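Numbers here simply count residues along the sequence, with the first being 1. Please read all numbers here as calculations on a predicted model, not as lab measurements.
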Amino acid sequence: MEHMQRHLRMALDAARMTIWDSELNDGRVIDSTVKWFGAGATLLGLPYGDLKQPFAIFLQFVVTEDRDQLLDTMQTAVDNHDSYEVEYRVVWPDHSRHWLAAKAHVFCDGDDGRPLGTLGVVWDITERKISEQTTARQRELAAVTLRSIGEGVITTNAHGETDYLNYIAEQLTGWTHEEAHGLHIASTLKLVDDAGAPIPEHVALQCLRLRQAIGMSSQNQLVTRDGRHVAVEESAAPIWSDDGELLGAVVVFRDVSHERKLTKQLSWNATHDTLTGLINRREFEVQIAAALHSAKQDGHVHALLYMDLDQFKIVNDTCGHSAGDLLLQLLSKMLQTQMRDSDILARLGGDELGVLLPHCPPDQALLIADELRQSIKNFRFVWDDHTFELGVSIGLVEINHHSKSMTELLIAADQACYLAKERGRNRVHLYQESDLRLARRQGEMQWVSRLNEAFEHQYFRLYAQPIVRLDRHDEEAHDEVLIRIQPAKGDLILPGAFIPAAERYDMMTAIDRWVIRAVCRHLHSLGPQAGEAAGRPPAQYSVNLSGTSLGDEGLHDYIVEQFAEHGIAPAQICFEITETAVIANLVRAQDFMAGLKALGCSFSLDDFGSGLSSFAYLRALPVDYLKIDGVFIRDIATNAINRAMIKAINEVGHVMGLSTVAEYVEDEPTLAVVRELGLDYAQGYAVGTLRPLSASAGA
């Protein structure tokens, strides 16, 4: 018998268990006596050895929260002459807490069935409980994380059947976790492409097949349970067990409807004129290039029309830009109804339109062009009490296998339009080879002569327009310098009239140098104390540089010479360069800007946002200011898309540490939106008008 007890104790010790024994008194557990054998006492933190104690004393070792449950469980088993299992916590003398588990049977008197005691085993389960609690906390943390993140999460088993959906996934798909459980992922997360066609392979199934993570896809749509289509980005990653078994996949997806809509709008804006909805010059050039390719490869014949409205300036001058904008919108819609479905109408800028007539020989193109001319002549535009009759000069050029390049085609069409104007306006002129030489000669004589006269007689005038800081009310002075021509007789000539000609005939570098010298003379005339005496920082002037000047290798040295000659602090000069000019001369622009930045000059990127690749180029340029293209600013008070685009440009600019400037802020509603969006500066008649710069003459 003793031999068997020794073996039993050895077995229990090996299992880290001990005998759990109690003697009952009148069937009441609370009045019973507990017996511990050998290592049993150590489960209470007491020394090793046999121990006998009243149940009430033992109960003091049990944590307060577990005492009633332990006593009730044992008493119920005694009352029912049954067995029991129980888990409870005890507090050791050193105040540490431990978990115990016990299993026992009630044994009774053989004669009267009266319960005499309980007999079973008890063991320490602290490590298991800690592990379970840790696992439970991790699961709860994971569940809370999955519920709180802003992306949908779905997990599957190894067969692609749905296991779990988080809250966002439920909201996006329309399936609840309970309803989706066990359904195939292709049903709970139904994906189609942008055209609504089934995708070749579901991202989760591809992940399971390849046993690797699948990167983000941004071209698909989610078909919800109720049939709605939601633009999504989705990715998937495999779920592995500790021993390397593939358990399933986790798919993460998010609603990108707003981003995709904005991207499409950005793409549309990159190829279209926002005022008329027609394609813009850049896209029109792409279409001409394609037509030229088909002419050279397949022998097709097309026609190109260059149209210039004859009386448009009168409408603008008489009724303002709003009337001119409406006229262009109405005229564009009317012209589109007059052309074939295959014909392409574009706004090339200002009051200039272009038309591409695919597969159209010259004779037919002349008839179509004359019909368009007559339609415009018959068109009447009414604004308030004014009625306007328009005319149009149209240049026509044939696109065939002899045509040399897209650029030469546009030049030829432009020159043909010029000759139509020269010969009386409101007519169509078919380009001939001799036209180019004639028009160039006439144009050179006219513009070169007028610009040389402006240099010789000091007809150039400089004006300043304030660039106003919006987030504070100090007197920081920052002006953009604008050039005009004031001939001896006649009206002031705006840059839109002579800058294109100056660029065409290589006179922009000379004009830019004139402006730089004139601004330096003006600053020198103010003296070093101007501004400082009033406790203000020195005035800063923004000077525009053309793309041609960026290619002038001697311009940097010329600027440095002017600074030295006139005692100018480079920090007072900010050079404005258009996005188009920078992209065309990127490497040269980077070197030029870096050299002047080192001196202390600052740079502003003008007309920012007009190109879809703007942000990519911006990273490579050391600019200080972003001047957002006025085409986006003009109608932000009523155009939500433009407002969203400006907000995005402003936020990215601020992240990159740049100041943002809104151009063409012409009225209070526009200014209010610009302030609301958090732009740094505003420029336009709502914040400041043009004023002459005193150093204009005699520079």
Side-chain angles (χ1 to χ4, degrees), residues 150 256 258-263 265-267 269-270 274 465-480 537 540-542 544 571 573-583 586 589-590 593-594 596-597 600-637 639-666 668-684 686-688:
V256 293
H258 177 71
E259 292 93 327
R260 202 169 294 177
K261 181 179 179 181
L262 185 57
T263 298
Q265 185 66 41
L266 284 167
S267 179
N269 283 345
T274 56
Q465 185 174 40
I467 301 173
V468 177
R469 183 89 189 190
L470 297 177
D471 60 355
R472 60 175 184 255
H473 301 288
D474 57 17
E475 298 185 28
E476 172 187 338
H478 189 170
D479 295 323
E480 179 181 0
Q540 187 177 37
Y541 290 92
S542 289
N544 290 278
I573 302 297
C574 174
F575 291 105
E576 288 198 11
I577 305 175
T578 66
E579 179 184 346
T580 305
V582 167
I583 292 173
L586 185 59
Q590 289 174 317
M593 295 168 75
L596 291 179
K597 284 276 287 187
C601 297
S602 54
F603 281 86
S604 177
L605 194 59
D606 200 7
D607 296 338
F608 184 79
S610 59
L612 193 60
S613 57
S614 302
F615 288 116
Y617 286 106
L618 184 58
R619 294 181 181 179
L621 301 171
V623 298
D624 305 277
Y625 302 92
L626 292 185
K627 296 191 76 172
I628 300 174
D629 196 332
V631 72
F632 300 123
I633 299 292
R634 184 176 296 170
D635 62 350
I636 57 172
N639 188 318
I641 295 295
N642 280 1
R643 191 158 57 246
M645 293 172 66
I646 293 166
K647 183 175 185 292
I649 292 173
N650 184 58
E651 290 176 352
V652 172
H654 285 172
V655 169
M656 299 181 74
L658 308 179
S659 296
T660 52
V661 184
E663 299 182 292
Y664 295 98
V665 180
E666 306 296 332
E668 286 300 324
T670 302
L671 178 59
V673 177
V674 167
R675 287 185 187 275
E676 177 188 339
L677 293 178
L679 274 76
D680 301 304
Y681 295 87
Q683 182 178 1
V687 294

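- One distance of note links CD of Glu663 with CD1 of Ile628; it measures 9.0 Å at 0.5 Å rounding.
- Below 30°, between 30° and 60°, or above 60°: for Phe575 and Phe603 the angle between ring planes is between 30° and 60°, a tilted geometry.
- Contact check for Arg469 versus His478: no side-chain heavy atoms found under the 4.5 Å cut-off.
- Looking at heavy atoms from C-beta onward, Arg634 lies out of side-chain contact with Thr274 at the 4.5 angstrom threshold.
- Of all the heavy atoms in Asp479 and Pro466, the pair that sits closest is OD1-CA, 3.1 Å.
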Open item on the list: Before you tell me yes or no, could you show the steps for Gln540 and Ser602 under side-chain hydrogen bond (donor to acceptor under 3.5 Å, both in side chains), namely the whole-Å CA-CA distance, both residues' side-chain angles and the distance that decides it to 0.1 Å?
Closed with: CA-CA 10 Å; Gln540 187 177 37; Ser602 54; 3.0 Å; yes
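- Listed for the Arg675 side chain is a donor-acceptor partner under 3.5 Å among the backbone atoms of Leu470.
- A 4.5 Å side-chain heavy-atom check between Ile636 and Thr670 finds at least one atom pair inside the cut-off.
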- [ ] Step by step, work out the side-chain contact (heavy atoms from CB on, under 4.5 Å) result for Leu621 and Ile577.
- [x] CA-CA 11 Å; Leu621 301 171; Ile577 305 175; over 6 Å; no
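- In this structure, the side chains of Ile646 and Val674 stay at 4.5 Å or more apart for every pair of heavy atoms.
- Taking CD of Glu676 as the reference point, atom CZ of Arg643 lies at 7.0 Å (rounded to 0.5 Å).
- Lys597 is listed as a side-chain neighbour of Asp624, based on a closest heavy-atom distance under 4.5 Å.
- Residues His654 and Asp680 form a side-chain contact, since some pair of their non-hydrogen atoms from C-beta on lies under 4.5 Å apart.
- When all heavy atoms are compared, the tightest approach of Ala644 to Leu262 is CB-CD1, 4.5 Å.
- Checking side-chain atoms of Asp606 against main-chain N and O of Asn544 turns up no donor-acceptor pair under 3.5 Å.
- With values rounded to the nearest 0.5 angstrom, Asn642 atom CG is found 10.0 Å from Asp629 atom CG.
- We find the OG1-OH distance between Thr660 and Tyr625 to be 11.0 Å, quoted to the nearest 0.5 Å.
- Nearest heavy-atom pair, Ile467 versus Ser542, reported as atom, atom and distance to 0.1 Å: CD1-OG, 3.9 Å.
- By the 4.5 Å heavy-atom criterion applied to side chains, Leu626 and Met656 are not counted as neighbours.
- Once rounded to the nearest 0.5 Å, the distance linking OG of Ser604 with NZ of Lys627 reads 5.5 Å.
- Within the model, atoms CD of Gln683 and CD1 of Ile633 stand 11.0 Å from one another, a figure rounded to the nearest 0.5 Å.
- Summarising the geometry of Ala682 relative to Val665, their closest heavy-atom pair is CB-CG2, 4.0 Å, with the distance given to 0.1 Å.
- Residues Gln265 and Lys261 fail the side-chain proximity criterion, which asks for heavy atoms closer than 4.5 Å.
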